[in-house]
Structure formats: C-alpha cells, structure tokens
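Data first, discussion second: the structure below is written as structure tokens.
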Amino acid sequence: MNKNYKSIFLSDIDGTLSDHNFYIHPKVIAAAADYMDSGGILVLSTGRAPVATEQVARLMNITHPCIVYSGAGIYDFIQGKLLWSSPMGEEVLAAVQYVLEQYTDVSVQVFTDDEIYLLQSNDILDQKAVRAERGIRIPEVSLVKGRILKILLTGADAVALETCGTWPVWKGTTYRFASRHFVEIVSDHTDKSVAMAELLRLYDMNPGQTFAAGDAMTDYTMLACSRYSFVPANAPEKLKKTGSRIIEVPEQGGMAAAFQLAQEYNEKGEILWEEQ
C-alpha cells in the first residue's frame with residue numbers, strides 16, 4: 001500500500017453522508033473529492049453489505065477498501081472480495097429461529113459473505129431499507145449458507161426490539177440499535193473501531209491520522225477512537241457528546257464542512273478550529 005497518505009476519513013453512509021431518501025448533497029461529493037486530492041483516504045464505514053455500499057463508493061469515486069456489515073468485514077471492490085472479516089458462529093441461527101417464533105411482525109435478514117437472506121419481512125423493511133439489500137426470500141433458517149457476518153432485525157415496536165436484545169440466545173454477539181427501528185447484530189469480537197484498527201494496519205497509519213463521522217450508536221466506538229470526529233445535529237445526544245464537532249444534517253450537506261476541515265489538516269498539518 002502507498003505509505004504517503006496524510007490522513008484517513010471513515011464515514012458512515014445513512015444519516016451521515018446521505019439523508020433518509022439516500023440522497024447525497026452535491027457539495028458533499030465535491031468536498032470529498034477535494035479531501036482525497038489533498039492526500040486523504042476516504043473509506044465508507046457502514047452497516048450495509050458490499051452490494052449496497054458499492055453504489056455509494058462509485059458515486060463518491062472511492063477506490064479504497066471499505067468497512068461493511070457494521071465492522072464485521074472489510075471489502076475491496078477492486079478485487080471483489082473481503083480482505084478481512086469477523087463472522088459469528090452458526091449457533092446464532094438458533095437465536096434467529098427464536099425471533100421467528102416469538103415475533104412474527106419483526107423482519108429478519110441474515111447477511112453472509114455470499115448472500116443476503118430474508119426470512120421474515122414487514123412494512124418498515126419495505127419502506128426504509130436499502131433496496132439492493134432486500135435479499136432472497138427463504139422459508140427456513142436451515143437454508144442459510146455461508147459465514148454469518150450480520151443479522152438485521154427491523155420492527156415498528158422499538159420496545160419489543162429492545163426486549164429481544166436481553167434474551168440469552170444472543171450470547172457471543174453485539175446487539176445494537178442502528179436507528180429506532182433497526183437492530184444490527186454482529187460478533188462480539190468486532191465493531192467499526194475494530195475494523196478501523198485493521199485498516200490502519202493495512203495502510204501503516206496511526207489513530208492520530210484518523211477522522212470519522214457517524215450518526216448512530218453503531219458508530220460510537222469508531223468516533224471515540226478517532227482523532228477528530230463529526231456528528232450530525234440530529235444524532236443522539238450521547239453521540240454528539242463524543243464528537244469533536246457537530247455538523248449540519250445530511251439534507252443540508254453537513255459533511256462538506258467535515259471534509260473541508262480534514263483537507264485543511266492534510267494541507268497544514270492541523271485544523272484551526274473555531275469555537276462552537
């Protein structure tokens with residue numbers, strides 16, 4: 001890998017780069033390009049699978065490997081493969097079966113390194129999920145094949161989803177809300193900060209060269225481990241207290257300011273912060 005990069009910027013997609021309609025403001029795309037031209041590496045760090053992440057990578061002209069499955073994998077779009085992953089054991093399928101039996105109104109998707117499986121659907125998933133990630137419908141858990149990298153539960157009843165997370169069947173996993181109605185489940189050995197550390201080793205860079213941006217609790221550890229972090233104004237309060245700077249919401253192109261500050265770091269070796 002080229003060792004001459006000045007910094008690395010890890011950005012969440014949904015709710016950070018893009019709004020709830022999956023729209024990315026043109027000024028964000030332009031500012032990201034300027035940041036990369038100044039010697040920065042831009043990496044998407046998302047809960048999405050590679051098939052949905054690649055759409056954004058192409059739009060943003062990102063060629064470097066990206067963090068997918070909420071930190072359970074690092075995918076290289078040029079080589080078309082995972083460079084690193086942290087799968088869950090097959091025993092987690094017993095927990096999936098338990099959800100199917102207990103909550104018929106909760107959608108259930110299983111993401112493997114080969115496929116996205118849809119076991120149960122609902123209106124929330126139909127209305128709010130990324131279309132490219134709907135997956136193939138299967139009638140039973142036994143038909144899931146491949147290493148399991150992420151499980152996504154979607155439901156209208158956030159209290160029910162929270163209760164589900166207290167069940168002992170999820171032992172060995174991390175059960176975390178990505179938003180009010182979406183829960184992402186990955187191995188308890190990983191999260192976005194773990195994948196970030198793997199990327200830094202790949203590029204022979206250190207945490208002092210990192211920027212990060214995110215809007216959900218699935219981004220918390222990544223933000224906490226970065227030197228500079230950016231959080232949209234509509235993010236949870238706990239997340240905003242972690243961020244170095246609060247930015248405008250995606251609809252207003254808030255990430256443009258974040259990329260401009262990161263560009264300033266690349267060009268001057270520091271950021272001349274204005275007090276908020």
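Quantities reported herein were computed from a predicted structural model and do not represent experimental measurements.
Checking side-chain atoms of S187 against main-chain N and O of H189 turns up a donor-acceptor pair under 3.5 Å. In this structure, the side chain of K240 engages the main chain of A233 through a donor-acceptor pair within 3.5 Å. A distance-only check finds no donor-acceptor pair linking the side chain of H25 to the backbone of Q252 [under 3.5 Å]. A donor-acceptor pair is defined here as one N or O able to donate and one able to accept, closer than 3.5 Å; no such pair exists between the side chain of Q79 and the backbone of D76. Put simply, the side chain of T242 gets close to the backbone of K238: a donor and an acceptor are under 3.5 Å apart. Judged purely by atom type and a 3.5 angstrom limit, Q120 uses its side chain to pair as donor or acceptor with the backbone of Y103. Here the side chain of K150 pairs no donor or acceptor atom with the backbone of S70 at under 3.5 angstrom. Not one N or O on the side chain of T173 forms a donor-acceptor pair closer than 3.5 Å with the backbone of Y175. Side chain of D19 to backbone of Y23: a donor-acceptor contact under 3.5 angstrom is found. Side chain of T190 to backbone of G71: a donor-acceptor contact under 3.5 angstrom is found.
Residues W84 and V194 form a side-chain contact, since some pair of their non-hydrogen atoms from C-beta on lies under 4.5 Å apart. Looking only at side-chain heavy atoms (C-beta outward), S86 and Y69 stay at 4.5 Å or farther from each other. Annotation: side chain of M222 is in contact with side chain of M196 (closest heavy-atom distance under 4.5 Å). At a threshold of 4.5 Å between non-hydrogen side-chain atoms, the residues F111 and V68 do not count as touching. Side chains of L149 and M88 form no contact here, defined as non-hydrogen atoms less than 4.5 Å apart. Using a 4.5 Å heavy-atom cutoff, the side chains of D14 and H20 are not in contact. When side chains are defined from C-beta on, L152 does not count as touching V183, because their heavy atoms never get closer than 4.5 Å. Side-chain contact between I13 and S18 is present, with heavy atoms from C-beta onward closer than 4.5 Å.
The side-chain hydrogen bond (donor to acceptor under 3.5 Å, both in side chains) test applied to D126 returns S121, R134, not counting sequence neighbours. Every residue meeting the side-chain hydrogen bond (donor to acceptor under 3.5 Å, both in side chains) condition with S7, not counting sequence neighbours, appears here in chain and number order: Y35, N266. In terms of the side-chain hydrogen bond (donor to acceptor under 3.5 Å, both in side chains) criterion, E133 has no residue partners (sequence neighbours excluded). Every residue meeting the side-chain hydrogen bond (donor to acceptor under 3.5 Å, both in side chains) condition with T154, not counting sequence neighbours, appears here in chain and number order: S107.
No continuous path of ILVMFWY side-chain contacts below 4.5 Å connects L143 to L118, so the two sit in separate hydrophobic clusters. Two different hydrophobic clusters hold V186 and L83 under the rule that ILVMFWY side chains link at heavy-atom gaps under 4.5 Å. One hydrophobic cluster holds both I8 and L202 under the rule that ILVMFWY side chains link at heavy-atom gaps under 4.5 Å.
By the neighbour-count criterion of 12 heavy atoms within 6.0 Å, atom CD of Q127 is densely surrounded, having more than that number from other residues, nucleotides or ligands. Heavy-atom contacts from other residues, nucleotides or ligands closer than 6.0 Å to CD of Q102 number more than 12. Applying the 6.0 Å contact sphere to CZ of R137 captures more than 12 heavy atoms from other residues, nucleotides or ligands.
Taking the six-membered ring where the residue is Trp, the centroids of F259 and F9 are separated by under 6.0 Å.
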Derivation and outcome, side chain to side chain contact (heavy atoms under 4.5 Å, CB included), residues V141 and L119: CA-CA 7 Å; V141 172; L119 286 139; 4.2 Å; yes

Audit row: R48, V130, side chain to side chain contact (heavy atoms under 4.5 Å, CB included) steps and yes/no: CA-CA 8 Å; R48 294 189 183 195; V130 179; 3.8 Å; yes

Candidate pair M60 and I29, rule side chain to side chain contact (heavy atoms under 4.5 Å, CB included), full reasoning: CA-CA 6 Å; M60 304 287 291; I29 298 174; 3.8 Å; yes

Test log, rule ring-ring contact (aromatic ring centres under 6.0 Å, His included), inputs F77 and Y75: CA-CA 6 Å; F77 296 108; Y75 194 87; 5.2 Å; yes

Worked check of side chain to side chain contact (heavy atoms under 4.5 Å, CB included) between W170 and V99: CA-CA 11 Å; W170 296 116; V99 174; 3.6 Å; yes

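Using a cutoff of 4.0 Å between basic side-chain nitrogens and carboxylate oxygens, D188 and K171 are not scored as salt-bridged. Classification of E237 and K241 as a salt-bridged pair fails, no side-chain N sitting under 4.0 Å from a carboxylate O.
Between H181 and G155 the shortest heavy-atom distance is ND1-O, 2.9 Å. A pairwise comparison of heavy atoms in L261 and R245 identifies CD1-CD, 3.7 Å as the closest pair.
Among residues at least two apart or in separate chains, salt bridge (Lys or Arg N to Asp or Glu O under 4.0 Å) pairs with a member in residues 103-121 are D113-R147. Among residues at least two apart or in separate chains, salt bridge (Lys or Arg N to Asp or Glu O under 4.0 Å) pairs with a member in residues 215-235 are K192-D219.
The aromatic rings of F211 and Y265 stand perpendicular to each other, their planes meeting at an angle above 60°, with 30° marking the opposite boundary. Ring geometry, H64 versus Y203: the interplanar angle exceeds 60°, so the pair is classed perpendicular (tilted spans 30 to 60°).
The CG atom of D12 sits 9.0 Å away from the CG atom of L44 when rounded to the nearest 0.5 Å.
In the model, E101 has a side-chain atom that pairs as donor or acceptor with a side-chain atom of Q97 under 3.5 Å.
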